[in-house]
Every structure is written in C-alpha cells, then in structure tokens.
K.L.:
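Would you mind keeping the following structure in view while I ask a few things?
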Amino acid sequence: MAAPPARVPPPAAFRPHPHPLLLLRLRPPPARIFPACLPPPRCLRRLAVAAATATAAAASVAPDDISQLNYRLRAIARRRDAASAASTSASPVDPAQAEAYLRMIRDQQRLGLSQLRGDGGAGGEAELDADEEGGGERARKGMAAGSSLGHRVDPRELEPGEYVVHKKVGVGKFACISAEDGVDYVFIQYADAMAKLAVDQAARMLYRYNLPHEKKRPRNLSKLSDPSTWEKRRLKGKLAVQKMVVNLMELYLQRMRQSRPPYTKPVALDEFAAEFPYEPTPDQCQAFIDVEKDLTERETPMDRLICGDVGFGKTEVAMRAIFIVVSAGYQAMVLAPTVILAKQHYDVMTERFANYPDIKVAMFSGAQSKEEKDDLITKIKSGDLHIIVGTHAVLTERMAYNNLGLLVVDEEQKFGVQQKEKIASYKASIDVLTLSATPIPRTLYLALTGFRDASLMSTPPPERVAVKTYVSAFSKERALSAIKFELQRGGQVFYVVPRIKAIDDVLQFLKDSLPDVPIAVAHGKKMSKNIQFAMEKFASGEVKILVCTHIIESGIDIANANTMIVQFAELFGLAQLYQLRGRVGRSEREGFAYLFYTDKSLLSRVATDRLGAIEEHSELGQGFHVAEKDMGIRGFGSLFGDQQSGDVANVGIDLFFDMLFDSLSKVDQFCLVPIPYKDVQLDINISPHLSSEYISYLENPVELLNEAAKAAEKDLWTLIQFTEDLRRRYGKEPRDMELLLKKLYVRRMAADLGITRVYPSGKTIFMKTNMNKKVFRLMTEAMTSETHRNSLSFVGKEIKAELLVSLPDTLLLNWLFHCLADCYAVIPALVKY
Ligand SMILES: Nc1ncnc2c1ncn2[C@@H]1O[C@H](COP(=O)(O)OP(=O)(O)OP(=O)(O)O)[C@@H](O)[C@H]1O
C-alpha cells in the first residue's frame, strides 16, 4: 500500500478577520468521534498506521486552502460565540422567524419614534416604509415634529458660521440670508466658492452638520467644483450606516433566538393591580401591557427598558412584572445602584406585597454581617425567599438561586463594567427589566431604532407640579431663605455638594445659621449602615436637612423633601443635575431646586451650557430632551462608538440619522436568499479522477464520495466536518481529491450566496445571482482580499469577476474557491437568514 498522504495540522495563526459582523450560519458542528462517513472499526488498525505516518509528515506541510478556510470560519464562529453570551442555540434563524422579528422591530421603531416625538404614532408608518429618495425626506419631516434628533433645517434659524450639509454638494458653512430681486437666498460658503440657494429649496436640501449645542468643526469643507469627492464621502457614510443596521439586527436576532415558555397570567393579577393606590397614567398603563405581553405571550426572555422621567412611577411597572413571575413560582432579583435605593425599594415592595404573605421579600447588601448574608443565601437557595432586593452585592459568586426568573435593574448605567457584564450574562437565560430615568444616549438610540424593546413613560402622574429651578451664583442668604421657606411649610431639604471635602464647611454654615434644626450627613465614604441610618431618620422626618453628595441622585423618593440646594452645581453633569432635581417635587407639593455655581467668570462653556439646559428644561417630562442635549454637549462620540464617530463626522449627524432611518426602513433588503445546492450550475470543466492508489487506500470509496456530496448538499458546516473527519482518518488527501472537495465547497458557497450559475468567458467569470446590489456592496466592502474585491463588479443580475489573464480550469476553480470563501466569510449574519 502506498504511504498515506500527510495529515495537515491546523494552521498556527491566520490573519484575524477584521469585520465585526458575525455569522448566523457559521456555527461549529458538535465534535463527532465516528461520523457516518467514516470507515467501520475493522479498519482502525490500518488507520492508526496511516495516522501515525501522517502525523510524522505533518510538521513539514504548509496549511492548504481548505484547512485555512475551515479554520477561518471556525475562528469567526468562536469569536461570535464568545462575543455573545446569548448564543446557545445552534439553529440558524429561519426566514419566517426572521420575518416575524423584523415586524417586531418595525413596530417597536414606530412606537419608539412616535413616543419620542410625542405625536401619538400617526406618522410612523409612512416614515419607516418610505422609499429610497423620498424616505429620508419624509423621515426628516416626521422627526421634526417634536424631537431634535433628525431635524429639518429652517434656514432662517441658522446662525452665521453654523455648518450645514447639502445632500448633493456636501459640507459648507452658512453665511447669511439675503434678498435679491425680492427673493430670499441662503448663502453657503464652500471651500472654493460661495453657493446661493433659494430659501425654500434650502429648507428641502439642507441638514445640520452638528447636534444642537455641538460645536464640532468638520475636517474640511466640500468643493463646489468637485462633487465626486462628496459623493464618495456620502456613499462611505451610507455603507457604514448599513453595516451598523445589520450589526444591530444581528444582535437582536441573536437574543430573539433564546426561548422559554411564556408565563401564565396569574389569576390574582387584576386584584394586585387594583390595590395600586393611584390612577395609573396612560404611559404606565401601556408599560403594564407591554411587560405583561412580554412575559405571558412571548417565548423569548424579556429584555425591556422602562424609560420614564424621574418620579413618573416606574417602580409600579417593575412590581407588576415581579408579581407575574413570582406567582409562577420563580424568584425575582431587584438590583439597585446604592444601598439607600435598595433599602427604599425593599420598603416599597414589602408594603406593596403585604397582602400576599406567601411572597417573601428580602434585602441583601454589603452592609449586612457575614452571618446575616449566609443566612439569606441559604434561604434564597432553598427558595424560601421570593423577591431579593439588593445592591451589586447580590451579584456575588456565592449567590445561588432556587429558581430565578426575573431581574429588575434600576439605573443600569450606574453599575461598573464588571457588574454590567454580569447583568448581561443574565439576559441570555432570564427575563430582564431595566428601569431608567435619563437613558444613556446609546440606550435611547437603541430604543429609538427599535432594536431594543422599550416602554417610554412621558406622562407625569396627575397633580405633579414642575420643579421651579433657579440657577445663580452662590449666596448664603439665598440658600438660607430657601431652606427656611421649606422648613416653615413643614418640609425637608436636600443640600447637595459634589465633593465630600465640601461637606464640613456646609455643615458648619448650617449649624451656625440654624442651630436648632436636626441635620444629617450622607456620602459614599460613610459606612453603608451609617448612610442607611441617616436616610431612615430623614425619611421619617426626624432629620430636616440632609447634607449629601450625589449619592442620593438615583431614585430616592421622599415626598416631604421638596427643596434642593445644589452648591458647586457647575461640577455636576447634566444628567446628574437632572436626576438630582428629580428628587424633589415628587408629590403634589411644589418643589424648588436652587443650583448655585461658584463664580460666573470661572464657568467653562460646557458648564454654562449644562446649567442653561437644566434651567430651560424645567417642565415635567423633559428627560429625553435632556438626554439629547447631553449628547449635543458631549458630542456624537458619546452616542456612537469611535468608528461610527468617524463615519458621522464624514457626513454630519443629521444626514447620518437620515440614512440610518432610511436604512432601518429597508432592513429586509439586506436579506440574501440562499438557493438549493442542486440548482447551482458550475460551468467549469473539471472532473478529477482519483488515483487507484488512493481509491484502494480508502475503506469504502463510493460510499465516501456519496457522503461528501451529501455533506455539501446539506450545508457548509457539514462539509467542513466531513473534510476534517476525512483528514483525521486518512491524512491530507491527494490533489485530485482536494480538487473534488474544492468543487463541492465552491458549489456550496455559491448556493449560500444565492449564485445560480458560474461560467467563465475569456478573462471574465460571470456569476448569476439573486443577491441585490446593496448586499453586494456591503459584502465587497468587508472583504479582506483587495485583489478579489477590486476584481468584482455588479452588473444587472450578475457578479462579474475580471481576471488579469484567462486561467486554465484548475486554477479557475482555485480562484473561485478563494474569492467565494472571502465573500462567504464576510457576509453579515442578517443577509443569510
Ligand atoms: N399614577 C400615579 N399617580 C400618582 N402617584 C404615583 C403614580 N405612580 C407612582 N406614583 C408615586 O410617585 C412616586 C414616584 O414613583 P417611582 O418611585 O415609581 O418613580 P420612578 O419613576 O421610579 O422615579 P425615579 O426615576 O426617580 O426612581 C412614588 O411615590 C409613587 O408612589
């Protein structure tokens, strides 16, 4: 018998795949010991000899094309799995499922957009289903109604020097509006000349380059004489947006593939709802419905954001979700960013569930002794406790649940990176409800684009009065008179400073001025127990003034505390100030917030903007606008990652959003429909003849070749598995067998790429495909090989590959193998459902 061919070891390292998009179908198959295609055990001895010889030869052999491709695809699949804690299912998404998800995304977009706009949703459909040219325009008009995200430019509102983007010409600087022959014209300065545009035309064609309040300078102004450079920039931006959308879609689909049986609606839910002491606001009602549907109708675990302004009643939404889950015999964990807030949630929940003695509520925090914690952990593990409220201490490795079903996270953005990762890991398996008052821009944006389920609560409870906000330089007299006013009406006061160092001075000043008033202190460096003690005294009314840091910024709900003094207000962030102010005016009594800065002349521009914004947005329900302003002040880097910031900087934020919504509306157009393997016609004249030596070496050659064909017909993973098994048993195959395998690979990949026919003609290879141009562009843009990328073009319904010379059939097959492998590996997940 001839010496068996050498076995090839897995290549040591391949070029890392630069494209972040992950593959739905590229999942490694489970390891098999004796796959169906392998010889029966009687030949094992012969194989052992073959394997030993092959191993000896292995070290000297360079990795071949097939093992490189297999390795590359496996590496991508591994990275994808590592990147997503949620990916446990091995099945690809089937088209009907994907269709259903797309519908859900669109519904969510409609809801999210209309709620953000505050327009009741009427315009959503037209905007999202809009066509290529008109879509963005209509979307822009729709967005203009209430939100400053995606505004339409009214040229008369532009300030000289403001950067604008004309869709066809590029980035310019607004100069002025001036009348000529009775017609108003907008003048825009470009790099090489001044452009003149009739005002109504400008209103249709212009976008703002920056977010409101943002003062970013574009890299350069466009040239009127060189529209092609701008066109390239615009196309680049558009492609970046499409990639982003596909990425988001991928994440979304990933999550949607988890499943659990829906909960049954508890019989006592109506009774529990009726016990809520208030009339729910319309948005609360909608959020109750959303959460109930997520839990009792959907099969995927809930991952919903309840995004409501400070004090608008998010806790009750969480409690309804808890009631559903706990009634079904599961446990619920409520995670709060501070001990104070955890304690408050614990108190509220204990009271709210008081009529249900079978539901036991517990509090778990770092402030408890080891014995207390051990005792709690035992009870949680045995299922004796049902609602566990706590700080991040709950996330300890020691914690073991009996039957955890729901996680409620309050103000997720306040948690550290590791804690967030832990929270994310729960999302794979249990239902998660996140409560947020000022959403971080990214969350807001995910909700806005429909890729995250969100219920937005923008209606305040009745009788809520807006907090009166005063911004001024610090004056002891003003602060004292505000405090005295509050104390005289029987209320209490928060006195907030940004640093612990400042507390002593404030305390001294208050004690000197108000010697008989009970005052307590709370800040993060104090022992949790002491903070809790101070808070309890303040909540009970015993303490009248609480001097504290921003430790109280999240969620604290003390109805009788309605005046807040913030000293050194310039040192707080906008979202922080907004949250802080939200601590007062949470009942029907009017609240007052005094934001004192130190010295106007020392205020930075950003601090001035922040204080201006908080004063401007003092009506109720301004949380979203504050979040938007925050984005503007911090720049769009805070909204997107670094890569996207560059893409945004290319075309300006408004056009970027316009493209984003346009792209979202057409997310289904990024779909590529694979065709049946048998329908691929490969017009390359190669019929490799296996040598008689190799045939006699194989145990059952006919069956083996049939197995190979069947594996290719099934899917690429089965083919990969087949070749790997073949090599494990027989070593690296000779060239003819390799060609035969490559032919199978080419046909398989062509089928997945929707290619029905491959035929060469001179120096060109034509590939007839059902792929659309958008997908082709996305794909080629992400390809790693420049040579392949540059040779491909899309004409009519064909992909055309122009080679430098006409190749003999074997080399042609090789070329196709490499080119299709590159295409296959970069095709985004969505494209292949
Ligand atoms: N529909 C309602 N009508 C009147 N009061 C309500 C209503 N819903 C909730 N409340 C009360 O409003 C106060 C604030 O509610 P809650 O603590 O749930 O707000 P929140 O949205 O969690 O605010 P934050 O973001 O500040 O934590 C609570 O005292 C609560 O009992």
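Computed from a predicted model, the values in this text were never measured in an experiment. Order of appearance sets the numbers: ligands from 1, and atoms from 1 within every ligand.
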K.L.:
Backbone, side chain, both or neither: what part of Phe312 comes under 4.0 angstrom of ligand 1, heavy atoms only?
P.N.:
backbone

K.L.:
Is the shortest N/O to N/O distance between Asp410 and ligand 1 below 3.5 Å?
P.N.:
no

K.L.:
Hey, does the Lys NZ or Arg CZ of Arg352 hover above the aromatic six-ring of Phe272, less than 6.0 Å from the centre and inside 45° of the axis?
P.N.:
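Output yes; distance and angle both within limits.
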
K.L.:
Quick check: closest heavy atoms across Asp431 and Met302, and the distance to 0.1 Å?
P.N.:
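Heavy atoms only, the tightest pair is OD2-N, 2.7 Å.
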
K.L.:
Please report the shortest heavy-atom distance between Asp294 and Arg260, naming the atom on each side.
P.N.:
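Taking Asp294 first and Arg260 second, the nearest heavy atoms are O-NH2, 3.1 Å.
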
K.L.:
Using side chain to side chain contact (heavy atoms under 4.5 Å, CB included) as the criterion, point out the one residue from Ile483, Val493, Val471, Thr563 that pairs with Tyr594.
P.N.:
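Exactly one pass, corresponding to Thr563.
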
K.L.:
Before signing off on this row, confirm whether Gln284 and ligand 1 have an N or O atom pair separated by under 3.5 Å.
P.N.:
yes

K.L.:
Show which atoms of ligand 1 fall inside a sub-4.0 Å distance from at least one heavy-atom site of Gly313.
P.N.:
8 (N), 9 (C), 15 (O), 16 (P), 18 (O), 19 (O), 20 (P), 21 (O)

K.L.:
For ligand 1, is there an N or O atom under 3.5 Å from any N or O atom of Glu411?
P.N.:
no

K.L.:
For ligand 1, which part of Glu279 has a heavy atom less than 4.0 Å away: the side chain, the backbone, both, or neither?
P.N.:
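Looking at Glu279 and ligand 1, just backbone atoms fall under 4.0 Å.
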
K.L.:
What atoms of ligand 1 come closer than 4.0 angstrom to any heavy atom of Arg583?
P.N.:
26 (O)

K.L.:
Any heavy atom of Pro280 closer to ligand 1 than 4.0 angstrom?
P.N.:
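Pro280 counts as a contact of ligand 1 under the 4.0 Å cut-off.
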
K.L.:
Going by atom types alone, do Ser455 and Gln286 pair a side-chain donor with an acceptor below 3.5 Å?
P.N.:
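Looking only at side-chain atoms, Gln286 and Ser455 do not form any donor-acceptor pair under 3.5 Å.
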
K.L.:
Could you check whether Arg478 and Ser472, counting side-chain N and O atoms only, form a donor-acceptor pair closer than 3.5 Å?
P.N.:
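On atom types as modelled, these side chains qualify, holding a pair under 3.5 Å.
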
K.L.:
Identify, by atom number and element, the atoms of ligand 1 in contact range of Thr315, meaning under 4.0 Å from any of its heavy atoms.
P.N.:
16 (P), 17 (O), 18 (O), 22 (O)

K.L.:
Would Glu292 and Arg320 count as a salt bridge (Lys or Arg N to Asp or Glu O under 4.0 Å) here? Give the steps.
P.N.:
CA-CA 8 Å; Glu292 192 183 318; Arg320 305 253 173 132; over 6 Å; no

